[in-house]
Amino acid sequence: MPPKHRGAKKSTKNPELSAANIPIDTGKCLFPSLPPSVVLHIISYTPDINEPLDRIELLFALSRTCHNVRAITLPMAWELFDVTRTRRIGDWTKYLPDDLERKSKVLLELTHIHPLVRNVRVLLTRRRTTEVLGTFAKCLEKLTSVTKLEITHAHTAMTTHLKNAFEGYTFPSIRTVILPPQAHNVLPSCTGVRSVTVNANNHECSKLITAIGAACPAVEKVVYFPLDDKSLKSLLKAAQNLCSIHLQYLPGRGPSNCSQICDNLGPQNFSKIHRQRSSRSSNLRCVVA
């Protein structure tokens, strides 16, 4: 007896759920809903993302993919305006000033980007100082959201050029300044600065202290100032709101009676002085709390 014909087995799959028929909501992107930390973690999987130039280029590339991704990555790309590195091979002292002038001019035109810039880091050389510093100072004044300015290097012969370039400009939003002592003529423009850090060793800082006393009444913290007894007294007189000092002792010239000086001349009674020997240097650092 011939076997009974069995009809085609009915599929248990719902045709409405097949891949071809799954509706895709192209109008809603979940990427903007991710926390910034998650976005950063995703971006970190890109090779060499820890290299600053590569990171900036990646963020700019992502900002051109779509409006949603742009809303996240563009502020990340412009948060730091950094002109301390270049990919060009050769004498960086020639290339970086040109880069600083060019990027400052571009940023001046991008008024919608100004609120995104929070930190500025630059390296200053003596090449074309009048043009470069003038353009940079004009640009910096427009960046009213910047809270931190870092000058990683400035030539010792640039003091007059810096004074001429920054005179007449004010940057009231800047709260933290990191600079070498020879860049002291930048401080008078930072009228609202709260913290000043010196990033160069064994440089005399009397002019830096004078600038603080003349134009920066809100300074509350100074870091790594190379001081002796005389300059420490001057600092305590210049910064009337000072409440935290991280001192870098000059070899053989460190303050011999810090506690007595702070008790007698400080704007308030400094309660405790901690001395720590740096693991990287034989210089003592004194923190006044």
N/O donor-acceptor pairs under 3.5 Å from side chains in residues 141-154, not counting sequence neighbours:
from	atom 1	to	atom 2	distance (Å)
S145	OG	P115	O	3.3
E150	OE1	R121	NE	3.4
T152	OG1	V122	O	3.3

Requested in this report: Scan for side-chain hydrogen bond (donor to acceptor under 3.5 Å, both in side chains) pairs involving residues 109-119, sequence neighbours excluded, and state none if there are none.
Outcome: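 Qualifying pairs, neighbours excluded: none.
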Same hydrophobic cluster for [X] and [Y], using side-chain heavy-atom links shorter than 4.5 Å among ILVMFWY?
X	Y	answer
I56	L123	yes
L235	I178	no
V106	Y95	no
F81	L116	yes
L110	F136	yes

Within this structure, what is the [atom1]-[atom2] distance for the pair [X] and [Y], rounded to the nearest 0.5 Å?
X	Y	atom1	atom2	answer
K207	L187	NZ	CG	14.0 Å
S195	R175	OG	CZ	12.0 Å
L208	L179	CG	CG	5.5 Å

Query raised in the report: Who pairs with S63 by side chain to side chain contact (heavy atoms under 4.5 Å, CB included), at least two apart in sequence or on another chain?
Result: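 Once residues adjacent in sequence are excluded, the partners of S63 under the side chain to side chain contact (heavy atoms under 4.5 Å, CB included) criterion are F60, R70, T73, L74.
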Is there a donor-acceptor pair closer than 3.5 Å between any side-chain N or O of [X] and the backbone N or O of [Y]?
X	Y	answer
R127	K94	yes
N241	P217	yes
R102	L100	no

Query - C139 to S104 - nearest heavy-atom pair and separation - result: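 Shortest heavy-atom separation between C139 and S104 comes out as SG-O, 3.7 Å.
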Query raised in the report: Taking all non-hydrogen atoms of both residues, which atom of V83 and which atom of L96 are closest, and how far apart?
Result: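 Reported closest heavy-atom pair: CG1-O, 4.1 Å.
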**Report entry** Non-neighbouring partners of E220 that pass salt bridge (charged side-chain N to carboxylate O under 4.0 Å, His left out), sequence neighbours left out
**Finding:**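 E220 satisfies salt bridge (charged side-chain N to carboxylate O under 4.0 Å, His left out) with no other residue.
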Report task. Using salt bridge (charged side-chain N to carboxylate O under 4.0 Å, His left out) as the criterion, list what pairs up with R128, not counting sequence neighbours. Result ->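 With neighbours one apart ignored, the set is D98, E101.
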Report task. Could you please spell out the steps behind the side chain to side chain contact (heavy atoms under 4.5 Å, CB included) verdict for F225 and I209? Result -> CA-CA 9 Å; F225 271 47; I209 295 173; 4.3 Å; yes
Query - V222 vs T197 side-chain heavy atoms within contact, under 4.5 Å - result: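 V222 does not reach T197 side chain to side chain.
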Query raised in the report: Does Q240 reach the side chain of L242, with side-chain heavy atoms less than 4.5 Å apart?
Result: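 The answer is no; the side chains never approach within 4.5 Å.
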Sequence neighbours excluded and cut-off under 3.5 Å, please list the side-chain donor-acceptor pairs for residues 155-170, or say none.
from	atom 1	to	atom 2	distance (Å)
H155	ND1	A157	N	3.0
H161	ND1	T129	OG1	3.2
N164	ND2	T160	O	3.3

Requested in this report: Apply side chain to side chain contact (heavy atoms under 4.5 Å, CB included) to V219 and V193, showing your working.
Outcome: CA-CA 6 Å; V219 169; V193 65; 3.8 Å; yes
